[in-house]
Protein chains: 2
Amino acid sequence: MISKEILPQQYKFSEKKIDVFFDADFSLIEAKLQKDKTIFITDENVYAAHKEKFSGWQSIVIKAGEQFKNQQTVDLIIQHLIDLHADRQAFIVGIGGGVITDIAGFVASIYMRGVKFAFVPTSILAMVDASIGGKNGIDVGVYKNLVGVINHPEFLLYDYSFLETLPDHEWVNGFAEIIKHACIKDSEMFQLLEKRSIAKFQQSSEDTASIIKRNVDIKYNVVANDEQETGERKLLNFGHTIGHAIENESKLPHGHAISIGMVAACHISEMINDFSKADTRRISDLLGKYELPVSFTSDKEKTWEILLHDKKKSGINMSFVVLDSIGKASIKSLPLDQLHKIFNSI
Amino acid sequence: MISKEILPQQYKFSEKKIDVFFDADFSLIEAKLQKDKTIFITDENVYAAHKEKFSGWQSIVIKAGEQFKNQQTVDLIIQHLIDLHADRQAFIVGIGGGVITDIAGFVASIYMRGVKFAFVPTSILAMVDASIGGKNGIDVGVYKNLVGVINHPEFLLYDYSFLETLPDHEWVNGFAEIIKHACIKDSEMFQLLEKRSIAKFQQSSEDTASIIKRNVDIKYNVVANDEQETGERKLLNFGHTIGHAIENESKLPHGHAISIGMVAACHISEMINDFSKADTRRISDLLGKYELPVSFTSDKEKTWEILLHDKKKSGINMSFVVLDSIGKASIKSLPLDQLHKIFNSI
Ligand SMILES: NC(=O)c1ccc[n+]([C@@H]2O[C@H](COP(=O)([O-])OP(=O)(O)OC[C@H]3O[C@@H](n4cnc5c(N)ncnc54)[C@H](O)[C@@H]3O)[C@@H](O)[C@H]2O)c1
Ligand SMILES: NC(=O)c1ccc[n+]([C@@H]2O[C@H](COP(=O)([O-])OP(=O)(O)OC[C@H]3O[C@@H](n4cnc5c(N)ncnc54)[C@H](O)[C@@H]3O)[C@@H](O)[C@H]2O)c1
Ligand SMILES: [Zn+2]
Ligand SMILES: [Zn+2]
């Protein structure tokens, strides 16, 4: 029996409508889906921490971690789907962090030329970033997300009780993206973040619910305004150009790498976009408050080479996301050698 | 220098417009695509027979045959694409039979979440069937086309000179689908086919060009009217329900298997749809004229079991494509045990 009817928020990408159930209970799945047609995909950590939620449902449990976001795991999931006699009416639900939503979305998009699917994001990062926007996919060797499609789920279900078991360092990774959103789009949220901390969010599920909803809206609006990724969507790369190179060079966690990348992008914004030194300081203080590293520790020349290699096809100019002020970003195209010089000077 | 401008026919699937260049010369590719961004995918047979056409283009050549339409070949192609530094601006052209168009369309749809692609179908079957309709994909073990997506190419280029090297038995396979189209949609074409033969088509490239165009139009219209495959598109399965089971049981070539399947479907149409015995005879004569087998040689009980297994999820009734008359088909839903009885009696 369902005591109150939970109405979804509707999000629309091109012609596709997606229902988003914020602050819902996982058991809502039972009202939405039939057990014999539904297949859960999750990872060992999420499964171990929330076994009771999976009881009675057909579940495929994969190993946890980015190193399993690859074709071998896709093959394995497809073999499981065959064994479960999944047909065109099958409904796949990815329950987990961004690795799970990426791989479950991809498998659902190619199995029998596409079956329906939904996500229950369980990490902060998946809640505010990975599960929104329709991108999915897998890594091929060192190439991240090289293979995938664009395809949206039928619905998203946010059950914040999952976060009770999320390791602290994964909160940190997720908040790196939240701070990114604040920097490029929402100065009010930036102020709010300055007053809080990870520990405070962990103690208040209301504050957590509210900040997550706010970040979903930010990412949703950016993506819906620019599905072809020709303009505004590029702003989401703030801190990521240098961040990805750092991540590659140093094997730092993604959140740590983009934190350093954001500070570097602030310095570059000072030099080419009149961004204020004081605001760089505020951003770097906020990142520090959320337990994120802010200074460059990796080999600069190697990092530059990786960055160049990633971008080699864009020619002699490179577009780079800079801040105008806290809460407002833009894209600047600048010559590579100028960027190299600036990069060395910071 | 291009002496006359070749204007494409435009086909539209949902919102996607596809240019179709009928009776074009392969060299048109040079006018349409840049060599440094274009990657051809073909198989060893097509490559060996048409080496000169590939000269100067980046080409990925895979082994020929259905047994290579699988994930291993996809992995191999993706590795090649990486080695060729293919980026988001890459343009893939599948040049070959249905195996090549299916796998090239799939790879192009997942590489970097989708790059543009086109087809140059080189077998009769690919020209009149496989390259039209947006379905692509690969086999997983014994499961045909289990993995794939729906995605349309930018353009199709028909250069009939490829057919000069197509083995005779592949002409036969292709004409099985042409006769299928005649049976379900085009009684006039049926009459025309009665007056010709494979040898005659092989001697007249004009007649071949005209029959191919006519079949593209038939398949295109059926698909465009029913992209979701809820109604009319199912008519394309004429002869295929039993045909696939025969193919599985006996390892006959696809064209042979569906030829026997079409005759069986005619007999069933006589019994449940007042289809005339004389017309069954005409169809079976026409198939014979095109060197296709018409009588059941495989184990009936085994074939029935495979058929049941394929369809097991549809419950106690099964939908089956029957003919009303030559050129007109419809879908009948009938109880499995009735179908079984009829099947045994034919
Ligand atoms: N598709 C997109 O648009 C998009 C955007 C951003 C990131 N991503 C992808 O997301 C991935 C990163 O996401 P992530 O950080 O969530 O990674 P993840 O899925 O690996 O999760 C991080 C860790 O937390 C664990 N975990 C998750 N939820 C838990 C919970 N409730 N309780 C206990 N443990 C839990 C996981 O098992 C894992 O060990 C990357 O692969 C990245 O490419 C995709
Ligand atoms: N996507 C769809 O809607 C759709 C529809 C029907 C069939 N198909 C698929 O199409 C495939 C069958 O197509 P096919 O019969 O073309 O198979 P194919 O690609 O294997 O070609 C048949 C043979 O002919 C050779 N060949 C092709 N063109 C040639 C040429 N011009 N000269 C010399 N040799 C040539 C090939 O190398 C191969 O040996 C199957 O995999 C089937 O699933 C797909
Ligand atoms: Zn990120
Ligand atoms: Zn066929």
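Below, chain A is the first sequence line, B the second, and so on; all start at residue 1.
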Which region of Ile82(A), side chain (C-beta onward) or backbone (N, CA, C, O), has a non-hydrogen atom less than 4.5 Å from a non-hydrogen atom of chain B, or is it both or neither? side chain

Between Ile78(B) and chain A, with a heavy-atom cut-off of 4.5 Å, which part of the residue counts as in contact: side chain, backbone, both or neither? side chain

Does any heavy atom of chain A fall under 4.5 Å from the side chain of Ile138(B), the backbone, both, or neither of them?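 Neither part.
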
Residue pairs fulfilling salt bridge (charged side-chain N to carboxylate O under 4.0 Å, His left out) with at least one residue in residues 94-108 of chain B, sequence neighbours excluded: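 Qualifying pairs, neighbours excluded: Lys69(B)-Asp102(B).
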
Near Lys35(B) NZ, under 6.0 Å, is it more than 12 heavy atoms from other residues, nucleotides or ligands?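 Atom NZ in Lys35(B) is crowded, with more than 12 foreign heavy atoms closer than 6.0 Å.
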
Tell me whether Gln72(B) at atom CD has more than 12 heavy atoms from other residues, nucleotides or ligands lying less than 6.0 Å away. no

Which of residues 108-118 of chain A get closer than 4.5 angstrom to chain B, counting heavy atoms alone? Ser109(A), Ile110(A), Tyr111(A), Met112(A), Arg113(A), Gly114(A)

For His80(A), what residues pass the ring-ring contact (aromatic ring centres under 6.0 Å, His included) criterion, not counting sequence neighbours?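 In terms of ring-ring contact (aromatic ring centres under 6.0 Å, His included), with neighbours along the sequence ignored, His80(A) is linked to no residue.
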
So which residues of residues 141-151 of chain B are in contact with chain A at a heavy-atom cut-off of under 4.5 Å?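 Expected list: Tyr143(B), Asn145(B), Leu146(B), Val147(B), Gly148(B), Val149(B), Ile150(B).
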
